[in-house]
Trainee: 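One structure coming up, written as structure tokens, with questions to follow.
On a predicted model such as this, the values are computed, not experimentally measured, just so you know. Throughout, numbering of the chain's residues begins at 1 and tracks the sequence.
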Amino acid sequence: LPPETQEAVKKTMDTIDQMLDAAVEGTYSETNFDESRLSALETKFAHYLSSSAISARNVTIEKDKIKTLIADISHQTKTPIANLLLYSELIAEEELPGDMHSNVEAIHQQTEKLRFLIDSLVKLSRLENGILTLSPRQESVQPMLDGIAAQYGSKTKQKGLVLQISETTSSACCDPKWTTEALGNLVDNAIKYSNKGDTVSVEAYEEDNEVCISISDTGMGISKEDLPKVKTKFFKANHTRRGSGIGLAVADEIIQRHGGTLEINSEQGVGTTVMITLPCIEQKKKPDNQATVDVELISSEPIENNDNVQ
């Protein structure tokens, strides 16, 4: 190339490099450059970066608005719902005629469902908008599974189900609080969509530098038509079962935030298996014969989760 062309190319590349540096630092402004002195390429690139900077600012503004809206919803609904629960409990203690007791119990249950729905929506929105952050660290999976056994053992016994938790030595890089919440939503779904005599199983092992945790049930299963939709917020494959259709979406968002995956395999009339993967640091082989702990007779009260999604 002629010297003058080489100089022009070098000048253009230097200018674009300065633009990129300013954009990376968040200080880019189109007024920083004299457009009359730029080449056509430099001018188009300047317009592009300017539009990108404006879009980034708009996204930040919208996130701030959503954050404020979520906080307002949470704050404004907390007291009325708490009052509804309190008054329904007080009324239930009174002498009531006819079927009034069942009506008051229905009010109490629906208010609990409303509280759970609002809490879940707020939680999901905060996760999606980056308001809530996870704190992953190297954690043993077994204590999380033990928590699930204690939380849901009584519930499975009451429904006539068998809850089986396989022992594991696996460890994952995860936030134990949020991971336990995701697992709880999935186990709760399995319980709600199973019938007396069915089995709900939870197994964890390491494979290909990932921790795999499967939650399986021998319940009613999901049809092929509904299976692609089950992660959609508010979708319920079986409308005859109670539920809000939000818990699976929350679980999926939590697992994705860990850099993991959540996959669902199901056959109607046979059962469902939800497989989640989480990153781990040390790879370990899956044991050939994993010990199985039958927690069917655990009697501790579960922390009730009213979300039933599949």
Side-chain angles (χ1 to χ4, degrees), residues 69-127 132 147-161 163 177-178 180-196 198 200 215 217 219-220 230 232-251 253-254 295-310:
L69 177 62
I70 291 169
D72 288 343
I73 292 173
S74 179
H75 177 72
Q76 296 297 333
T77 59
K78 188 175 295 184
T79 299
I81 289 175
N83 287 338
L84 281 171
L85 290 171
L86 174 62
Y87 291 135
S88 64
E89 290 170 358
L90 292 174
I91 293 172
E93 295 175 358
E94 301 292 331
E95 291 292 334
L96 300 174
D99 59 354
M100 288 299 293
H101 270 292
S102 61
N103 291 339
V104 172
E105 179 61 24
I107 292 172
H108 186 82
Q109 289 179 355
Q110 291 302 310
T111 306
E112 283 281 16
K113 181 178 178 180
L114 177 61
R115 179 168 67 175
F116 180 81
L117 176 60
I118 291 175
D119 287 346
S120 296
L121 283 172
V122 169
K123 196 175 298 179
L124 181 61
S125 296
R126 285 174 171 171
L127 283 167
L132 286 179
I148 294 297
Q151 183 174 341
Y152 292 101
S154 178
K155 191 171 185 177
T156 53
K157 181 185 176 183
Q158 292 170 7
K159 196 171 179 181
L161 306 175
L163 176 61
K177 174 181 178 292
W178 287 102
T180 301
E181 175 153 345
L183 291 173
N185 281 354
L186 298 175
V187 170
D188 188 67
N189 287 343
I191 293 171
K192 294 293 173 39
Y193 286 89
S194 297
N195 299 310
K196 185 176 181 180
D198 287 335
V200 176
I215 299 93
D217 65 71
M220 62 182 64
V230 292
T232 305
K233 289 191 286 287
F234 304 115
F235 180 80
K236 292 186 290 182
N238 189 321
H239 295 279
T240 64
R241 300 287 175 120
R242 295 164 47 223
S244 60
I246 194 72
L248 187 57
V250 172
E253 184 67 26
I254 290 171
V295 294
E296 181 184 10
L297 300 180
I298 291 178
S299 59
S300 59
E301 289 298 322
I303 300 170
E304 184 65 28
N305 181 345
N306 292 324
D307 186 40
N308 322 309
V309 186
Q310 268 196 356

Trainee: Could you grab the distance from atom OG1 of T156 to atom CG of D217, nearest 0.5 Å is fine?
Mentor: 12.5 Å

Trainee: Where is the tightest heavy-atom contact between M100 and L96, given as atom of each residue plus distance?
Mentor: CB-CB, 3.7 Å

Trainee: Taking L161's backbone N and O only, do any of them form a donor-acceptor pair with D198's side chain (distance below 3.5 Å, no angle check)?
Mentor: no

Trainee: Which pair of non-hydrogen atoms, one from T180 and one from I148, has the smallest distance, and what is that distance?
Mentor: O-CD1, 3.8 Å

Trainee: Below 4.0 angstrom, N of the basic side chain to O of the carboxylate: do D188 and K192 qualify?
Mentor: yes

Trainee: Where do I215 and A190 come nearest, in terms of heavy atoms and distance?
Mentor: CG2-CB, 4.3 Å

Trainee: Give, for atom CD of Q110 and atom CZ of R115, the distance between the pair rounded to the nearest 0.5 Å.
Mentor: 13.5 Å

Trainee: Looking only at heavy atoms, which two atoms of I118 and T77 are closest? And how far apart?
Mentor: CG2-OG1, 3.7 Å

Trainee: Could you give the distance from CD1 (I107) to OG (S102), rounded to the nearest 0.5 Å?
Mentor: 10.0 Å

Trainee: Would you name the heavy atoms of V104 and S88 that are closest together and state the gap between them?
Mentor: CG1-O, 3.2 Å

Trainee: Does some side-chain heavy atom of H108 sit less than 4.5 Å from a side-chain heavy atom of E89?
Mentor: yes

Trainee: Look only at the side chain of K159 and the backbone of I191, and say whether a donor-acceptor pair between them is shorter than 3.5 Å.
Mentor: yes

Trainee: Looking at every non-hydrogen atom in both residues, tell me the closest pair between S194 and V200 and how far apart they are.
Mentor: OG-CG2, 4.2 Å

Trainee: To the nearest 0.5 Å, what is the distance between OG1 on T79 and CG on L84?
Mentor: 11.0 Å

